[in-house]
Amino acid sequence: MKRLLTVALTAMLILVLAACGGKESEGKSSNGDGSDAGEEKVIRAGIGLNDKHPQYKGLLKFKEIVEEKTDGSIKVETFHSGQLGDDRTMIENLQINSQQVVIPSTAPMANFVPEFSVFDIPFLFPSEDVADQVLDGETGQKILDKLEGQDLKGLAYWENGFRDLTNSERAVSSVEDFKGLKIRTMENDLHLDAFKELGANPTPMAFTELFTAMQQGTVDGQENPYATIYLQKFYEVQDHVSNTHHIYSPFVFLMSKTFFDNLSEENQKIVKEAAEEAGKYERKLNREANEKYLKDLQEEGMEFTEITDEAREEMKKKVQPVVDEYKSKIGEDIVDEVYKAVKEASK
Ligand code: KDG
């Protein structure tokens with residue numbers, strides 16, 4: 001009798017262990033039958049911007065679609081304002097699957113996949129429409145695919161937008177006015193070198209540290225789209241805004257590759273399509289926001305300086321040596337391919 005009991009207990013133990021062990025490492029779906037049925041999964045999704053920003057509204061849309069289409073078997077927990085860390089930290093969280101989604105700008109992504117800097121070449125995209133065509137096209141996908149080697153899955157491109165300069169020192173209307181301005185840039189060498197070439201004194205810094213740095217005067221200024229400048233209340237610590245539109249910043253919707261690979265094909269399709277659909281929604285909200293907020297910034301007392309086409313052309317010429325230098329660092333082929341795609345899409 002005792003022997004029988006031992007055998008039964010051992011068998012049950014093996015069964016339980018097999019069931020637990022398989023959950024994480026087995027790859028495609030835990031039930032081995034291609035479905036995740038009965039298995040609840042949680043996506044922890046974090047961003048750097050606050051809950052007023054179109055990026056967060058887009059994330060709530062992603063949550064809504066995923067939870068609806070999976071009948072709640074995949075839950076999405078959302079965190080804003082850098083609650084899970086700055087962009088670099090959150091990207092590293094994805095690599096160890098302690099977080100499952102983050103949506104950073106392409107600029108900090110270049111520290112993980114250098115080719116992402118191609119999208120941060122100053123004055124590359126003439127419009128949002130051209131950017132959409134290139135990013136959602138073959139070239140955009142080719143660069144997303146390079147993330148696999150970093151244990152990251154790129155599911156879609158969202159929009160941060162055209163970046164404009166603000167500062168607390170003086171109105172900036174030409175290259176000369178950049179001279180000696182202490183500008184915070186994102187953690188991206190191309191951004192840093194471009195602002196150095198313009199004569200400014202740039203500092204790379206995480207977004208989570210930016211407001212305090214401006215408040216304490218550690219930096220004189222920064223550059224972001226109007227929606228971010230307004231919704232993050234930068235007008236409380238900045239006096240001047242110029243429509244430099246010097247770089248179009250895409251966001252990249254990233255997922256942990258381990259988490260993605262552990263989903264059934266059906267759920268992989270759902271999260272991919274949800275990221276794309278919510279991305280289109282976010283872009284629309286973001287463009288309406290950027291339209292609206294320049295006026296609101298002026299109502300909050302910021303002085304707006306219109307950059308003339310000549311002055312913008314002067315800036316473009318001034319940073320060209322840096323762009324030429326980065327062509328080889330990013331990869332000649334991919335840079336040529338993106339310029340060709342921009343030309344094509346601009347027709
Ligand atoms: O959530 C995204 C932000 O963390 C960041 O990418 C915003 O454009 C940005 C910046 O200036 O850091």
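We count ligands from 1, going down the list as the structure has it; atoms in each ligand are counted the same way. For clarity, every value in this text was computed on a predicted model and none was experimentally measured.
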Taking heavy atoms and a distance under 4.0 Å, where does Gln222 meet ligand 1: side chain, backbone, both or neither?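 For Gln222, no heavy atom sits under 4.0 Å from ligand 1.
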
Is it the side chain, the backbone, both or neither of Asp86 that has a heavy atom closer than 4.0 Å to ligand 1?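 Neither; nothing of Asp86 gets under 4.0 Å from ligand 1.
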
Ring centers of Phe253, Phe62 separated by less than 6.0 Å: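 So the answer is yes for these two rings.
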
So, applying side chain to side chain donor-acceptor pair (under 3.5 Å) with Lys153, which one of Glu148, Gln100, Gln268 is it?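 Going through the options one by one, the only one that passes is Glu148.
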
Do Lys196 and Asp193 meet the salt-bridge criterion of a basic N to acidic O distance under 4.0 Å?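 Looking at Lys196 together with Asp193, the answer is yes, because their closest N to O distance falls below 4.0 Å.
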
Before you tell me yes or no, could you show the steps for Phe195 and His246 under ring-ring contact (aromatic ring centres under 6.0 Å, His included), namely the whole-Å CA-CA distance, both residues' side-chain angles and the distance that decides it to 0.1 Å? CA-CA 10 Å; Phe195 275 99; His246 51 278; 5.4 Å; yes

Looking only at heavy atoms of Arg184, does any of them come nearer than 4.0 Å to an atom of ligand 1?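 Yes, that is the case, since the closest heavy atom of the residue is under 4.0 Å from the ligand.
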
Hey, does Arg163 sit under 4.0 Å from ligand 1 if you only count heavy atoms?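 Yes, Arg163 has heavy atoms under 4.0 Å from ligand 1.
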
Protein contact of [atom] - nearest heavy atom, named by residue and atom, plus distance:
atom	value
atom 1 (O) of ligand 1	Gly48 N, 2.8 Å
atom 4 (O) of ligand 1	Asp87 OD1, 2.8 Å
atom 6 (O) of ligand 1	Ser105 OG, 2.7 Å

Ligand-side contact atoms (ligand 1) for residue partner [X], heavy atom cut-off under 4.0 Å:
X	value
Met186	8 (O), 9 (C), 10 (C), 11 (O), 12 (O)
Asn160	8 (O), 9 (C)
Leu49	1 (O)

For Thr244, is there any backbone N or O sitting under 3.5 Å from a side-chain donor or acceptor partner on Arg312?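 Between the backbone of Thr244 and the side chain of Arg312 there is a qualifying donor-acceptor contact (under 3.5 Å).
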
Determine yes or no for a side-chain-to-main-chain donor-acceptor pair under 3.5 angstrom, with Gln150 supplying the side chain and Leu147 the backbone.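 Side chain of Gln150 to backbone of Leu147: no pair is present.
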
Kindly determine whether Tyr293 and Tyr226 satisfy ring-ring contact (aromatic ring centres under 6.0 Å, His included), including the steps that lead there. CA-CA 6 Å; Tyr293 289 131; Tyr226 299 138; 9.4 Å; no

